[in-house]
Amino acid sequence: MLVVDDEVDLLEIAVVFLEEMGFKVFHATDGPRALQIAARQPDITLLITDIFMPGGMSGVEVPTRSDN
C-alpha cells in the first residue's frame, strides 16, 4: 500500500492507523516521490492519495504515470 499526502500530519496519522491494522505501508509527500517508491516496490496493490498536491503532479496523475 502506498499513501501520498503533502500534509505531513495527515500522512502520519494514516500510516500509523494502517500499520496498526496490519498493512505494510509506504508513504510519500508528493507525486514524483510516490512514483519513485512505486518503481522500486512492484508489489504495491493499493494507492491512497490526496488529490491536490504541490510538485506539479496531482493525486489523480500518480496512478496514470505509474508503471504498476
S.K.: Roughly how far, to the nearest 0.5 Å, is CG of L2 from CD1 of I48?
M.R.: 9.0 Å
S.K.: Report yes if some heavy atom in the side chain of M57 is under 4.5 Å from a heavy atom in the side chain of V62; otherwise report no.
M.R.: yes
S.K.: Closest heavy-atom contact between G59 and P63?
M.R.: O-CD, 3.3 Å
S.K.: Please determine whether residues M53 and V3 belong to a single hydrophobic cluster, defined as Ile, Leu, Val, Met, Phe, Trp and Tyr linked transitively by side-chain heavy-atom distances below 4.5 Å.
M.R.: no
S.K.: According to salt bridge (charged side-chain N to carboxylate O under 4.0 Å, His left out), does anything in residues 53-65 pair up with another residue at least two apart or in another chain? List the pairs.
M.R.: E61-R65
S.K.: For residues 5-23, dump all side-chain donor-acceptor pairs below 3.5 Å to protein atoms at least two apart in sequence or in another chain.
M.R.:
residue, atom, partner, partner atom, Å
D5, OD1, E7, N, 2.8

S.K.: Contact between V4 and L47 at the side-chain level, heavy atoms closer than 4.5 Å - yes or no?
M.R.: yes
S.K.: Show me the side-chain donor-acceptor pairs of residues 24-35 shorter than 3.5 Å, one per line, residues at least two apart or across chains.
M.R.:
residue, atom, partner, partner atom, Å
D30, OD1, R33, N, 2.8
R33, NH1, Q36, OE1, 3.2

